[in-house]
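Residue numbers start from 1 in every chain, and the chains themselves are labelled A, B, ... in the order their sequence lines are given, proteins ahead of strands. Not measured: the values here are computed from a predicted model.
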Amino acid sequence: MFDNKFVQQRIEKAKLLKVAGFNPYSNNSKRNTTIEKYLNVNSDIADMEDKRDEKRHYIVSGRIKLLRVMGKASFVKIEDESGMLQVYVTRDNLPEDFYNTIFKKNIEVGDIIEVGGFPFVTGKGELSLHVDSFTILTKAISPLPEKFHGVTDKEIRYRKRYLDLIMNADVRKTFQTRSKVISLTRRFFEDKGFLEVETPMMHPIAGGANAKPFVTHHNALGIDRFLRIAPELYLKRLIVGGFEAVFEINRCFRNEGMDATHNPEFTSIEFYWAYKTYKDLIEITKEYFQYLFEHLNLPTQLPYGDMVVNFDNFIEIPLIESLTTIGGVPAESCKTKESILAYLKTQNITVKPNLNLGQLQGELFDLFVEEKLIDPTFITEYPVEISPLARRSDENPAITERFELFIAGREIANAFSELNDPIDQLSRFEGQMEAKDSGDDEAHEMDRDFVEALSYGMAPTAGQGIGIDRLVMLLTNEHSIRDVLLFPAMKPIHKEEIVEESE
RNA sequence: GUCUUGUUAGCUCAGCUGGUAGAGCACGUCACUUUUAAUGAUGUGGCCGAUGGUUCGAAUCCAUCACAGGACACCA
């Protein structure tokens with residue numbers, strides 16, 4: 001480590017600084033303003049006659065991003081979290097020899113410094129800081145990436161996110177937006193009277209969704225636990241317990257493939273609302289989006305890639321209807337197993353054998369409809385076979401009171417009136433067990449403890465889950481989930497690491 | 001998991017049909033007190049992702065592997 005020539009050079013400079021009495025890792029910061037505040041407070045300097053006010057004095061800190069030395073004067077661009085500032089450093093305004101022997105020789109791009117001085121506007125019209133005191137706070141011994149192109153290699157950007165954040169201001173912006181989305185989401189539901197709760201991340205049975213879990217082991221108890229694939233069943237137990245509106249924002253884990261929209265750990269919000277139905281969820285979802293757009297200052301005609309998503313146009317359509325009106329599948333080809341299979345054959349599409357009617361309708365939807373849903377669309381009335389936790393429709397027992405929300409061709413939310421009939425829930429689980437036995441390894445697990453909870457009576461409830469990562473992707477116009485996760489999952493670079501981890 | 005593209009200096013990238021490696025930025029040295037990716041001069045910097053093969057000779061051709069990007073499959 002640190003055998004690179006440039007790193008060695010910089011380590012040498014850090015030593016020289018120390019010898020000269022300047023701690024290269026000082027924590028003696030006297031900063032009294034941020035760059036953003038400095039620029040705001042001194043915006044009046046430009047209107048002054050001599051374009052300076054030597055009576056004002058500020059101390060700002062930041063990382064050197066650009067350094068232009070011109071003999072006895074230098075321009076340095078420093079950046080803190082709030083912004084970028086040009087500071088003007090001259091030999092004659094610093095202690096004897098400091099400029100020549102310390103600043104010019106041992107200070108370079110990447111170092112974190114603190115400077116004091118007065119505001120002035122340069123000949124080219126840039127509000128800057130005229131430096132009269134200069135402190136090195138932190139010496140960077142590794143050089144930063146190239147100042148103009150920065151770091152673009154995706155592998156470096158994901159593995160060394162800190163470098164990405166140093167070099168790319170828009171990346172910082174994306175993660176600030178992500179943080180705001182989560183904060184606004186929390187505030188939105190709290191303001192509606194929802195209670196934020198925390199339920200287990202390690203489950204004895206991985207339930208609440210159809211997905212493969214990660215397994216871990218509890219040594220003291222000598223038992224395996226599953227990292228949760230969804231918090232659903234625990235949140236519903238809380239509704240049984242008498243809480244009437246709860247939500248949880250946290251991580252879920254699914255042991256499946258990784259791609260532009262899937263990371264093994266991802267963040268969701270799930271909320272459950274007693275004495276409500278999925279119809280109420282449609283309304284609160286529209287309100288939620290309105291709230292987000294308002295507080296994030298986003299246009300309701302939201303650009304996403306080469307699409308424009310119209311958030312003034314929420315659409316609601318039953319799944320079966322969407323197959324025909326949006327997917328272009330003839331209506332008579334959607335109603336029975338045989339007709340669907342025959343239609344798929346004409347389209348040269350093969351699907352897994354032994355699918356039931358509901359599953360086949362789900363296939364048709366995935367194949368012909370999903371990617372066409374650009375404006376926010378609530379797809380309702382899902383077949384009961386693919387909705388093991390949703391309440392049946394009173395009018396039609398083959399379908400459930402459920403919707404999924406699609407935006408820009410992608411699923412953003414899943415919601416339904418909750419199944420609260422314990423006998424029905426038990427038989428749905430049994431149906432899932434049959435599916436599992438006949439080869440569907442993603443069928444829902446049996447959870448008798450949950451059925452027992454329902455047996456004490458769960459008030460009629462509606463519940464919804466929203467994928468926060470995909471939502472943030474949509475709102476920040478990012479097209480890979482890795483670009484909205486600070487530290488996305490990556491394979492280890494060295495084989496040895498895999499061996500260690502498996503031991 | 002399959003297909004496909006990539007991996008060359010700290011970073012961004014050239015390197016043709018094989019002949020022992022090149023630029024810009026950064027860094028060193030020199031000049032320069034209002035620059036904006038400052039400028040001019042000059043210099044240092046490389047196990048060409050790894051391992052095998054073909055060849056007199058491989059960054060370049062072939063194979064395998066690793067990692068990454070993209071697409072597909074899987075995945076509500």
Side-chain angles (χ1 to χ4, degrees), chain A residues 2 4-10 12-13 51-52 65-77 84 86-93 99 104-105 108-110 120-126 128 130 140-160 163 166-167 208-212 229-230 254-264 266 319 350 352 359 362-363 365-366 370 379 382-383 386-390 402-406 410-416 441-442 444 465 467 470 479-480 482 488 490-498:
Chain A
F2 300 142
N4 176 278
K5 180 197 156 177
F6 299 107
V7 175
Q8 282 298 325
Q9 261 175 18
R10 296 177 78 120
E12 199 50 42
K13 289 183 183 186
K51 308 240 182 237
R52 59 174 57 210
K65 297 297 287 290
L66 286 172
L67 188 57
R68 293 187 283 273
V69 179
M70 291 172 304
K72 299 179 188 67
S74 299
F75 288 94
V76 186
K77 291 257 181 173
M84 182 101 78
Q86 173 169 270
V87 305
Y88 181 59
V89 184
T90 57
R91 186 195 63 183
D92 298 340
N93 287 289
Y99 183 83
K104 272 169 75 174
K105 295 292 179 187
E108 57 206 318
V109 172
F120 78 113
V121 171
T122 64
K124 303 280 182 181
E126 181 166 349
S128 308
H130 206 293
I141 59 169
S142 285
L144 287 185
E146 207 248 6
K147 66 184 176 188
F148 187 57
H149 299 94
V151 54
T152 59
D153 183 284
K154 281 195 182 236
E155 184 166 1
I156 299 176
R157 289 187 43 223
Y158 298 149
R159 287 193 197 276
K160 303 185 185 179
L163 271 186
I166 290 171
M167 299 308 294
N210 300 359
K212 292 182 202 118
I229 56 175
R254 296 191 184 176
N255 205 343
E256 290 163 354
M258 290 157 59
D259 62 27
T261 55
H262 296 82
N263 194 70
F266 63 98
L319 186 136
T350 51
K352 278 192 278 188
Q359 288 171 321
E363 286 288 328
F365 177 81
D366 292 347
E370 182 169 0
I379 297 289
Y382 272 69
I386 55 175
S387 312
L389 302 165
R402 173 183 176 191
F403 71 80
E404 286 196 2
L405 172 63
F406 292 86
R410 209 173 269 156
E411 183 200 339
I412 296 290
N414 180 22
F416 36 85
D441 56 359
E442 265 140 21
H444 200 287
R470 292 182 187 180
H479 291 74
S480 169
R482 293 184 196 96
M490 299 290 275
K491 285 196 198 178
I493 301 171
H494 304 295
K495 216 172 184 176
E496 302 84 75
E497 292 179 37
I498 298 176

Next item on the list: Tell me which nucleotide among B:G24, B:U34, B:C67 gets nearest to the side chain of A:F75.
Entry: B:U34
Notebook entry, point to check: Considering only side-chain heavy atoms of A:K5, which listed nucleotide, B:C11, B:U44, B:A38, is closest?
Noted result: B:U44
Item checked: Gap in Å between the two P atoms, one belonging to B:G49 and one to B:G15, rounded -> 15 Å
Checklist line | Candidates B:G28, B:A38, B:G69 - which lies nearest the side chain of A:K154 | finding: B:G69
Next item on the list: Using Watson-Crick or G-U wobble geometry with both distances below 3.5 Å, tell me the partner of B:G43, or none.
Entry: B:C27
Check: Of all the choices, B:G28, B:C67, B:C32, which nucleotide is nearest to the side chain of A:E108 once you look at every atom?
Finding: B:G28
Next item on the list: Give one of base, sugar-phosphate or nothing for A:E256, where a contact means two heavy atoms less than 4.0 Å apart.
Entry: sugar-phosphate
Notebook entry, point to check: What's the closest nucleotide to the A:H149 side chain, out of B:U12, B:C74, B:A68?
Noted result: B:U12
Next item on the list: Could you check A:R254 against A:Q86 and say which one's nearest nucleotide on RNA chain B is further toward the 5' end?
Entry: A:Q86
Notebook entry, point to check: Which nucleotide sits closest to the side chain of A:T122: B:C74, B:A26, B:U35?
Noted result: B:U35
Note to self: By the 4.0 Å heavy-atom rule, please label A:L163 as base, sugar-phosphate, or nothing.
What the structure shows: nothing
Margin query: Please report the distance separating the C1' of B:U12 from the corresponding atom of B:U7, rounded so that it comes out in whole Å.
Written below: 14 Å
Checklist line | Nearest-nucleotide pick for A:H262, side chain only, options being B:A68, B:C75, B:A37 | finding: B:C75
Check: For B:A38, does OP1 or OP2 lie under 4.0 Å from any side-chain N or O of A:K77?
Finding: no
Check: Quantified in whole Å, what is the P atom distance between nucleotide B:C65 and nucleotide B:A71?
Finding: 24 Å
Notebook entry, point to check: Contact class for A:D153 vs. all strands (heavy atom < 4.0 Å): base, sugar-phosphate, or nothing?
Noted result: sugar-phosphate
Next item on the list: Quick one: list whatever passes ring-ring contact (aromatic ring centres under 6.0 Å, His included) with A:F120, sequence neighbours left out.
Entry: A:Y88, A:H130
Check: Any side-chain heavy atom of A:P383 within less than 4.5 Å of one from A:F365?
Finding: no
Check: Looking at A:K124, does any N or O in its side chain come under 4.0 Å of the phosphate oxygens OP1/OP2 on B:U35?
Finding: yes
Next item on the list: Kindly say if A:K147 contacts the phosphate of B:A38, meaning a side-chain N or O under 4.0 Å from OP1 or OP2.
Entry: yes
Check: What's the closest nucleotide to the A:H130 side chain, out of B:G70, B:A68, B:U34?
Finding: B:U34
Next item on the list: For B:G6 versus B:U17, give the span between their P atoms, rounded off to a whole number of Å.
Entry: 13 Å
Item checked: A:S74 vs A:T90 side-chain heavy atoms within contact, under 4.5 Å -> no
Please write out each protein N/O paired with an N/O of nucleotides 46-50 of chain B under 3.5 Å, distance rounded to 0.1 Å.
none

Notebook entry, point to check: A:M490 side chain: which of B:C11, B:U36, B:A68 is closest?
Noted result: B:A68
Note to self: What's the closest nucleotide to the side chain of A:F120 if the choices are B:U34, B:C67, B:G70?
What the structure shows: B:U34
Notebook entry, point to check: Under the ring-ring contact (aromatic ring centres under 6.0 Å, His included) test, which residues partner A:F416, sequence neighbours left out?
Noted result: none
Check: Counting only side-chain N and O atoms of A:R68, is one of them less than 4.0 Å from OP1 or OP2 of B:A37?
Finding: no
Margin query: Is any side-chain heavy atom of A:R68 closer than 4.5 Å to one of A:Q86?
Written below: yes
Checklist line | Watson-Crick or G-U counterpart of B:C61, or none if no pair lies under 3.5 Å | finding: B:G53
Margin query: Can you check the distance between B:A26 and B:A68, where both ends of the measurement are the P atom (answer in whole Å)?
Written below: 32 Å
Check: Does any donor-acceptor pair link the side chain of A:T152 with the base of B:U12 at a separation under 3.5 Å?
Finding: no
Notebook entry, point to check: Under 4.5 Å between any side-chain heavy atoms of A:H444 and A:L389, yes or no?
Noted result: yes
Note to self: Please give the distance between the P atoms of B:C48 and B:U8 as a whole number of Å.
What the structure shows: 11 Å
Notebook entry, point to check: Which part of the nucleic acid does A:G362 contact within heavy-atom distance under 4.0 Å: base, sugar-phosphate only, or nothing?
Noted result: nothing
Check: Any donor-acceptor pair under 3.5 Å between the side chain of A:E126 and the base of B:U34?
Finding: no
Checklist line | For B:A14, the Watson-Crick or wobble counterpart (both distances under 3.5 Å) | finding: none
Note to self: It should be established whether A:R482 places a side-chain nitrogen or oxygen under 4.0 Å from OP1 or OP2 of nucleotide B:G69.
What the structure shows: yes
Notebook entry, point to check: Using the C1' atom in both, what is the distance from B:U55 to B:A73, to the nearest Å?
Noted result: 41 Å
Item checked: Any strand: nucleotide that pairs with B:G70 via Watson-Crick or wobble, under 3.5 Å -> B:C3
Check: Roughly how far apart, to the nearest Å, are B:G22 and B:A14 at atom C1'?
Finding: 7 Å
